[in-house]
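One structure is given here, and the rest of the page talks about it.
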Amino acid sequence: MMSSLPPVKGDRIICELPLYFTRDAAVHTKDGFNVTVKEACHRHKTGLSHIGSFGWSPQNRLNVAKVIVVGDVGVGKTCLINRFCKDTFDKTYKATIGVDFEMERFEVLGVPFSLQLWDTAGQERFRCVASTYYRGAQAIIVVFDLSNYNSLDHAREWLEDAMRDNDPSSVLLFLVGTKKDLSHPDLLAQMEQEAVRLSEEIRAEYWAVSALSGESVRNFFLRIASLTFEASVLSELERKSRQASDIVKISNNCDESYKKRQSSCCH
Ligand code: GDP
Ligand code: MG
């Protein structure tokens with residue numbers, strides 16, 4: 001039975017690549033989606049390449065990117081996710097218990113795409129986050145609190161933990177400072193300088209946001225959705241072209257051995 005989902009909300013429809021936060025620490029600074037990706041999506045949308053040949057179907061993992069959120073307890077991970085997914089901010093502190101992930105639906109270049117946003121269930125308090133939480137992530141968000149220097153200091157350790165179960169070549173990294181509304185301008189400038197330096201070193205994209213005011217939260221997640229989408233389409237296209245060239249190689253080999261057999265039997 002086909003389950004019909006409600007249409008994607010208007011503010012989750014992405015037609016242009018959203019801009020990075022700062023040019024100094026961006027995953028890439030191109031001002032548009034990759035041309036190959038754009039063409040592939042256009043072909044897909046106009047029905048020139050049918051869904052199967054592109055690998056897109058509701059069950060296909062290409063439609064969903066797993067995004068994990070890590071960082072010290074209390075830095076604002078849950079508030080950040082709630083601000084984006086539910087557009088709420090709850091001042092009363094509640095440790096996250098038993099939550100696994102929120103699904104957020106988008107449409108990127110006309111193609112349905114979802115982010116599976118994984119929030120820790122309070123395990124970060126004991127630094128015993130399970131490897132099932134980390135495994136198979138397309139993006140890692142390392143969160144620190146812009147008003148708390150120690151939390152930035154711990155960011156590198158969180159990243160190391162998260163990378164242990166992931167392939168560095170296929171994961172996009174984001175370093176995000178939260179509680180921008182709380183941070184004193186002097187401390188903010190100092191923390192940002194340090195965070196940009198760390199982002200360059202670990203090849204992460206840096207963002208500063210506030211879940212309380214909502215500043216930059218939406219742009220941040222739209223950017224994650226766009227970049228993970230772009231990366232999944234590119235890797236799928238690469239996989240398909242590798243498959244196609246393998247088929248050509250196999251058929252060439254078959255031709256060669258056929259020719260050899262023919263020539264040896266005729267002479
Ligand atoms: P988590 O343990 O990392 O999930 O942290 P929470 O999201 O539960 O937030 C911890 C505390 O920080 C809560 O008391 C929130 O109200 C507060 N908080 C989170 N984000 C912000 C923010 O952007 N601004 C301010 N002022 N407080 C925040
Ligand atoms: Mg939490």
Side-chain angles (χ1 to χ4, degrees), residues 9 11-12 14 16-29 65 67-94 96 99 101-102 104 106 115-120 124 137-156 158-159 162 172-200 202-229:
K9 283 189 266 171
D11 67 346
R12 303 290 197 255
I14 304 170
E16 300 289 335
L17 181 67
L19 206 62
Y20 43 80
F21 182 78
T22 163
R23 207 184 165 81
D24 298 336
V27 164
H28 70 60
T29 53
V67 179
I68 56 171
V69 184
V70 293
D72 282 358
V73 67
V75 290
K77 301 180 294 298
T78 303
C79 287
L80 177 65
I81 295 174
N82 285 348
R83 168 57 77 196
F84 182 63
C85 298
K86 306 187 181 111
D87 201 17
T88 56
F89 180 81
D90 189 351
K91 267 206 183 73
T92 52
Y93 180 75
K94 287 188 237 66
T96 312
V99 173
F101 59 76
E102 291 277 350
E104 199 58 40
F106 299 83
L115 290 185
Q116 216 181 50
L117 297 166
W118 286 62
D119 192 6
T120 53
E124 77 274 37
Q138 270 87 44
I140 298 174
I141 305 178
V142 183
V143 184
F144 71 96
D145 173 348
L146 281 162
S147 64
N148 171 354
Y149 188 83
N150 283 342
S151 66
L152 176 59
D153 210 27
H154 297 156
R156 195 192 299 265
W158 280 112
L159 178 69
L172 293 171
L173 299 180
F174 296 86
L175 179 66
V176 57
T178 54
K179 310 194 193 181
K180 196 176 174 186
D181 60 282
L182 269 188
S183 192
H184 185 276
D186 293 343
L187 176 64
L188 181 65
Q190 202 187 327
M191 293 278 278
E192 288 217 299
Q193 210 180 11
E194 194 84 3
V196 166
R197 199 176 312 142
L198 177 61
S199 300
E200 283 172 328
I202 61 176
R203 302 175 132 246
E205 179 158 306
Y206 171 69
W207 282 75
V209 303
S210 164
L212 185 130
S213 71
E215 187 186 333
S216 300
V217 171
R218 186 172 157 263
N219 288 349
F220 172 57
F221 283 102
L222 293 190
R223 176 89 174 157
I224 297 179
S226 304
L227 292 176
T228 46
F229 173 80

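Along the sequence shown, residues are numbered consecutively beginning with 1. Fair warning: this is a prediction, and the values are worked out from it, not measured in the lab.
- Ring pair F84/F221 is parallel by interplanar angle, where below 30° counts as parallel and above 60° as perpendicular.
- Donor-acceptor pairing under 3.5 Å is recorded for the side chains of E192 and Y206.
- In this structure the side chain of V69 reaches within 4.5 angstrom of the side chain of V143, judged on heavy atoms.
- Distance CG/D11 to CZ/F106: 9.0 Å, rounded to 0.5 Å.
- Under a 3.5 Å cut-off, the side chain of K77 and the backbone N or O of G71 do form a donor-acceptor pair.
- Ring orientation note: the planes of F220 and W207 are tilted relative to one another, at an angle of 30° to 60°.
- Note that the NZ atom of K9 and the CD atom of E104 stand 5.0 Å from one another [nearest 0.5 Å].
- Of the options E194, M191, H154, a side chain to side chain contact (heavy atoms under 4.5 Å, CB included) to F144 is made by M191 and by none of the others.
- Rounding to the nearest 0.5 Å places CD1 of I224 at 11.5 Å from CG of N219.
- Taking CZ from F21 and CZ from R223, the interatomic distance works out to 12.5 Å, rounded to the nearest 0.5 Å.
- One distance of note links CG of L212 with OG1 of T178; it measures 11.0 Å at 0.5 Å rounding.
- Between L173 and I202, the closest heavy-atom pair is CD1-O, 3.3 Å.
- Annotation: the span from D119 atom CG to C79 atom SG amounts to 9.5 Å, rounded to 0.5 Å.
- E16 approaches I14 most closely through the heavy-atom pair O-CG2, 3.3 Å.
- Between the E102 side chain and the L117 main chain, no donor and acceptor come within less than 3.5 Å of each other.
- For the pair L188 and K180, the minimum side-chain heavy-atom distance is below 4.5 Å.
- Closest non-hydrogen pair, D72 versus S151, comes out as OD2-CA, 3.6 Å.
- For the pair P18 and S226, the tightest heavy-atom approach, listed with the atom from each and the gap, is CD-OG, 3.1 Å.
- Scanning all heavy atoms of the two residues, the minimum distance from V27 to E205 falls at N-OE1, 2.7 Å.
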Quiz item: Passes side chain to side chain contact (heavy atoms under 4.5 Å, CB included), T78 versus T120? Steps please.
Solution: CA-CA 8 Å; T78 303; T120 53; over 6 Å; no

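- Contact check for E215 versus D181: no side-chain heavy atoms found under the 4.5 Å cut-off.
- Residues K179 and G76 approach most closely at CE-N, 4.3 Å, considering heavy atoms.
- In this structure a side-chain-to-backbone donor-acceptor pair under 3.5 Å is present from S183 to L146.
- With I140 as the fixed residue, the side chain to side chain contact (heavy atoms under 4.5 Å, CB included) test singles out one of I68, L172, L175, V67: I68.
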